[in-house]
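Note on naming: letters A, B, ... go to the chains in the order of the sequence lines (proteins, then strands), and numbering restarts at 1 for each one.
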2 protein chains.
Amino acid sequence: MAKTDVLSLAILGMLAEQPLHGYQIRKRLGTELGPFRALSYGSLYPCLKRMVGAGLIAADESDAGRVSGSKRSRIAYGLTEDGERRLAEELANSGASAWDDDTFDVRFSLFTKTDSATRLRILEGRRSRLSERLEEVNEGLARVRERHDAYTTELHRHGLERVEREVEWLDKLIENERSATRGDNPSTASAGNN
Amino acid sequence: MAKTDVLSLAILGMLAEQPLHGYQIRKRLGTELGPFRALSYGSLYPCLKRMVGAGLIAADESDAGRVSGSKRSRIAYGLTEDGERRLAEELANSGASAWDDDTFDVRFSLFTKTDSATRLRILEGRRSRLSERLEEVNEGLARVRERHDAYTTELHRHGLERVEREVEWLDKLIENERSATRGDNPSTASAGNN
DNA sequence: CGTGCGATGTATCGTGGCGATACAACGCTC
DNA sequence: GAGCGTTGTATCGCCACGATACATCGCACG
């Protein structure tokens, strides 16, 4: 029941498709999983080591990808059974940790591996989290407005707007998810808690 | 000519108004400067120490704020002359480092301390940076679209949209800045380089 | 033909941000 | 006067990051 950090989760999800090299993992994480996650080697390799140590992934140095007697060192990482199990656990988790700022994107990018009820719970959780934030920021904006200059105020106003947009986006997704669920399987619809 | 990190810059800017305690700095940074910057003590106090060491700020333990013979330890930090000079240097800097992702917000919140030409250069620099990103993300989106599932695609589409909104926001600000400059001082208008 | 550059690939080091935590005095309420 | 939330300073361990080093591969260009 050890905790899985965001990075490990993202890697777990990527390796579920196919084994990959560290280099490829880094590259894909930069492009596939949201355009904005960078990930440097200084984070990646230690993380891979940790995961190997935890038995979640296994290193394969045989390297069937190249022809010649390649002296080049290449290590392909693949999920172990424990890794698959851990991934399944994480995918089933729809608790608060699934809609944290830093986790949500990763969870979202793995939504095809998740069932509809879990998707809906995560989306709704994320939405309510942002709603809370909306109130805080609104109060903050009022105070900034009376105490600070126009630029600072504008910065806050814009920040507020960004959160509002985010909420609208989630509303759209939730609506889609609901109607899809209604279409597929009416009995599991409207499972909203929280 | 030593480099000033974002954190130091933000602190420099805040202390330019008035001397403050570490506690107050942290609190204000959480509310005033964009709603989303947290800053923990684990970052703050080491940073203050560094700044004192560099002679940018000075610690004042006399504490004229309380009445009684308060045994409570309170340390007010204020700008030194070197600190003021450094702040002025940083505020005049409109190079690429001023519109980095992590710096821009802080620079923007200090815009009232900056002249209009510098403001404009920073806004335009930021804008062109985001334009580049826009193209990258667009290409990325195309590739994701053909290779990945609907959720991952949606995540990218939404990310792209966020950047587009950001650019629109900057356009509005640039327009405002230009018309204000035209009104105040026609000779400095249209100084766009980059 | 070689040479030189960019992409692929693994790996580590130092700086420093962050969360947790500890400790203490203050002020307020009940 | 006991308890509790706020103000206030400070440190520790973990680990993300940027920089950097090093090696091989493939390819283009003269």
The criterion is salt bridge (Lys or Arg N to Asp or Glu O under 4.0 Å); which residues satisfy it with [X], sequence neighbours excluded?
| X | value |
| --- | --- |
| B/Arg85 | B/Asp82 |
| A/Arg157 | A/Glu154, A/Glu161 |
| A/Arg26 | none |

By a strict heavy-atom criterion of less than 4.0 Å, which residues belonging to residues 41-57 of chain A are in contact with DNA chain C? A/Tyr41, A/Gly42, A/Tyr45, A/Lys49
What residues, two or more places apart in sequence or in another chain, satisfy side-chain hydrogen bond (donor to acceptor under 3.5 Å, both in side chains) together with B/Ser8?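 B/Asp5.
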Counterpart residues, side-chain hydrogen bond (donor to acceptor under 3.5 Å, both in side chains), relative to B/Thr118 (two or more places apart):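 Only B/Asp115 meet the side-chain hydrogen bond (donor to acceptor under 3.5 Å, both in side chains) criterion with B/Thr118.
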Want to settle it: does B/Leu39 or A/Gly22 sit nearer the 5' end of DNA chain C, counting the closest nucleotide to each?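 Going by which nucleotide is closer to the 5' end, it is A/Gly22.
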[X] [atom1] to [N] [atom2], straight-line distance once rounded to whole Å:
| X | N | atom1 | atom2 | result |
| --- | --- | --- | --- | --- |
| A/Tyr77 | C/dA11 | OH | C1' | 10 Å |
| A/His21 | C/dA11 | NE2 | C1' | 16 Å |
| A/Asp101 | C/dC18 | CG | P | 14 Å |
| A/Ile75 | D/dT24 | CD1 | P | 15 Å |
| A/Ile25 | C/dA11 | CD1 | P | 12 Å |
| A/Gln24 | C/dT8 | CD | C1' | 9 Å |
| A/Tyr23 | D/dC25 | OH | P | 15 Å |
| A/Arg26 | C/dT8 | CZ | C1' | 12 Å |

Would you mind telling me which of D/dC17, D/dT7, C/dC18 lies closest to the side-chain atoms of B/Lys27? D/dT7
Out of D/dT7, D/dA10, D/dC17, which has the shortest distance to the side chain of A/Ser40? D/dC17
Identify whether the distance between the nearest side-chain nitrogen and carboxylate oxygen of B/Lys172 and B/Glu177 falls below 4.0 Å.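 Looking at B/Glu177 together with B/Lys172, the answer is no, because their closest N to O distance does not fall below 4.0 Å.
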Would you call B/Arg129 and B/Asp100 a salt bridge, taking side-chain N to carboxylate O under 4.0 Å as the test? yes
